Amino acid sequence: MHLSNEDERQRLTEPRADWRAGFGVLGAAFLFNLGQGVLRPSLPLYLRDAFAANYRMVTLIPVVFGAGKWVANLPTGYLLDRLGRRSLSIVGLLVIAVCDVASIVVVNYVPFLTARGCAGMGWAMFATVATTAMVNRAGGRGRAISRLLMAETLGLLIGSAAGGSVYAHRGPTSPFILEAGCMLMAAAVVGWFGLPAAARPVATTVTPEGRSVRHLVRVPGFVLMCCTNAAVMGIQTGVLVFLFPLYLVERGAVSPQTVGHLIALSVLGRLFALWLAGRTSDRRSRISMLALGLAAFGIVLGTLVVVSGTPLFAVWSLCLGATAGFVAGLPTTIIGDRVDPSLHGIAIAWLRTATDAGMLLGPLVMGPLADAVDLAMPFLMAAIMSCALAWACQRHAVTTS
């Protein structure tokens, strides 16, 4: 049921589908993340003003949201072909919009928490369908995944930059209304343009046994790619998102304004690396590129602890974003190469489940590690993890070549 090396090389040479077939998912992904970006910086402020929330209540929101995603990934993957991609993605977007309206209406914290958890389920529904749709673009899979990630990153960047101003000038509930509007527009885009058609299956039949996780585990590299994506996401959420700004302030003695500029540099580096990885991964061995990117990511993380001065922090921020962006889409693309198209939805669901587990565990592990040892220790641990995964990927590339 998985693709041999010969089948994989043959699929990489298939003609590229018309770019218009992916406009629906790319446009919806941009609007989807634009709404998420607007809400992200203002959500803690809303919790403080509406519920007098403490730090524990604030940090519980992303945990519940991530748990909702984690729960909904697998059902979405198994129902994707039965209910239809377009219908499932539109339902997911509408679920988020309804949850945004409910978040404004409720007056107690527990119902608000429930609404955000349900919004995470809607997030998983759309994201799983969108990723599966782009993975099916066999002739230019690497570029398709990179474009999806670039659309998501641009939406988050623009939305995050505008979120604080929207909250300050339009009122506390305006980010929720704006996100709901973005979700409705994204649903309209999907409904109007549709999604890329599923690729032709390589296998002649798919039995219920072939749809089980035991079959996917036997696909070469599937478990390794799931572990890699989970580890990279854990590093990003547990180290780069939460601890890197603190490291810049406490160890780098830079101002909060400079921190914002440095984070923006990392986003620019990520965008460039996503474009570069998409262009080169369709021409080279993806698994070898992943190993190289993970090794570079680990080196940049490990050497950050010896860097001082704003100019060097700027260089390292750019490199952190670039190396993280370079490896971001490769595990998904590799799974798309090796799993039969009829099983892409289930495979992506398992991949996203592992990734969301990493997102939940990363802050829970790295934060206490910084408290117990030193603020530099999570960066060193992340560097070791990244280099170990690079070695595993390179070894896998050698044994399967």
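These numbers come from a predicted model, not from an experiment. Sequence positions, counted from 1, serve as the residue numbers for this chain.
- Contact of the L294 side chain with the C393 side chain is registered, since non-hydrogen atoms from C-beta on lie closer than 4.5 Å.
- Applying the side-chain hydrogen bond (donor to acceptor under 3.5 Å, both in side chains) rule to T128 yields the partners N73; only residues at least two apart in sequence or on another chain are considered.
- Qualifying side-chain contact (heavy atoms from CB on, under 4.5 Å) partners for A388, counting only residues two or more places apart in sequence or in other chains: none.
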- Task: Under the side chain to side chain contact (heavy atoms under 4.5 Å, CB included) rule, what do M366 and M377 come out as? Steps first, then yes or no, please.
- Result: CA-CA 9 Å; M366 295 302 183; M377 184 54 63; over 6 Å; no
- Message: Applying side chain to side chain contact (heavy atoms under 4.5 Å, CB included) to I96 and F126, what does each step give before you reach the verdict?
- Response: CA-CA 10 Å; I96 300 175; F126 173 77; 5.6 Å; no
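- At a threshold of 4.5 Å between non-hydrogen side-chain atoms, the residues V166 and L178 count as touching.
- At a threshold of 4.5 Å between non-hydrogen side-chain atoms, the residues L318 and S266 do not count as touching.
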Anything under 3.5 Å between a donor and an acceptor, one on a side chain of residues 32-39, the other on a protein residue two or more places apart or in another chain? List them.
{"from": "N33", "atom 1": "ND2", "to": "A29", "atom 2": "O", "distance (Å)": "2.8"}
{"from": "Q36", "atom 1": "NE2", "to": "E179", "atom 2": "OE2", "distance (Å)": "3.0"}

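- Y167 pairs by the side-chain hydrogen bond (donor to acceptor under 3.5 Å, both in side chains) definition with D49, not counting sequence neighbours.
- The backbone N or O of I263 lies less than 3.5 Å from no partner atom in the side chain of S317, so there is not a single donor-acceptor pair.
- Contact of the R141 side chain with the R286 side chain is registered, since non-hydrogen atoms from C-beta on lie closer than 4.5 Å.
- For residues 362-380, the set of pairs meeting the side chain to side chain donor-acceptor pair (under 3.5 Å) definition, not counting sequence neighbours, comprises R251-D374.
- Rounding to the nearest 0.5 angstrom, the gap separating the CG atom in L312 from the SG atom in C319 is 10.5 Å.
- Between W275 and F272, the ring planes are tilted. Angles from 30° to 60° get that label.
- Of the possible polar contacts, none joining the S146 side chain to the R143 backbone as a donor-acceptor pair under 3.5 Å is found.
- For T131, the side-chain contact (heavy atoms from CB on, under 4.5 Å) partners at least two apart in sequence or on another chain are V135, L148, T332, I348, R352.
- Judged purely by distance below 3.5 Å, without hydrogens or angles, the side chains of T132 and R85 never pair a donor atom with an acceptor atom.
- Rounded to the nearest 0.5 angstrom, I104 CD1 and I177 CD1 are separated by 4.5 Å.
- In this structure, H396 and P220 have side chains that are in contact, with non-hydrogen atoms separated by less than 4.5 Å.
- For the pair R170 (side chain) and P175 (backbone), a donor-acceptor distance under 3.5 Å is absent.
- Residue I335 holds its CD1 atom at 8.5 Å from CG of L216, rounded to the nearest 0.5 Å.
- Note: L93 CG to M185 CE = 11.5 Å, rounded to the nearest 0.5 Å.
- Summarising the geometry of G325 relative to A273, their closest heavy-atom pair is C-CB, 4.0 Å, with the distance given to 0.1 Å.
- Of all heavy-atom pairs spanning A124 and A72, the tightest one is CB-CB, 3.8 Å.
- At distances below 3.5 Å, at least one donor-acceptor pair connects side-chain atoms of T323 with backbone N or O atoms of L320.
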- Task: Apply side chain to side chain contact (heavy atoms under 4.5 Å, CB included) to R147 and L26, showing your working.
- Result: CA-CA 7 Å; R147 288 166 185 160; L26 291 178; 4.1 Å; yes
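- Within a 6.0 Å sphere centred on CE of M381, heavy atoms belonging to other residues, nucleotides or ligands number 12 at most.
- The two atoms that bring M134 and A144 nearest to each other are CE-O, 3.5 Å, heavy atoms only.
- Not counting sequence neighbours, the partners of A231 by the side-chain contact (heavy atoms from CB on, under 4.5 Å) test are M385, L389.
- Counting all heavy atoms, side chain and backbone alike, V189 lies closest to G24 at CG1-O, 3.5 Å.
- The backbone N or O of R86 sits less than 3.5 Å from a side-chain atom of S89, completing a donor-acceptor pair.
- Taking 4.5 Å as the limit, every side-chain heavy atom of M121 sits out of range of all side-chain heavy atoms of V95.
- Contact detail for A390 and A291: the closest heavy-atom pair is CB-O, 3.3 Å.
- Every residue two or more places apart in sequence or in another chain that forms a side-chain hydrogen bond (donor to acceptor under 3.5 Å, both in side chains) with T355 is listed here: N229.
- Among residues two or more places apart in sequence or in another chain, the side-chain contact (heavy atoms from CB on, under 4.5 Å) test is passed with L83 by L79, L88.
- Residues in residues 291-328 take part in no ring-ring contact (aromatic ring centres under 6.0 Å, His included) pair, two or more places apart or across chains.
- Using a distance-only test at 3.5 Å, with no hydrogens or angles considered, a donor-acceptor pair links the side chain of H344 to the main chain of V339.
- Scanning both residues, A354 and A230, for their nearest heavy atoms gives O-CB, 3.2 Å.
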- Carefully, step by step, assess L240 and L301 under the rule side chain to side chain contact (heavy atoms under 4.5 Å, CB included). CA-CA 10 Å; L240 299 184; L301 282 166; 4.0 Å; yes
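- Take S288 and apply the side-chain hydrogen bond (donor to acceptor under 3.5 Å, both in side chains) test, not counting sequence neighbours, and it matches S285.
- Atom CG of L351 and atom OG1 of T228 lie 10.0 Å apart (nearest 0.5 Å).
- Rounding to the nearest 0.5 Å places CG of L271 at 5.5 Å from OG1 of T153.
- Note on residues 352-393: pairs passing ring-ring contact (aromatic ring centres under 6.0 Å, His included), not counting sequence neighbours, are Y247-F379.
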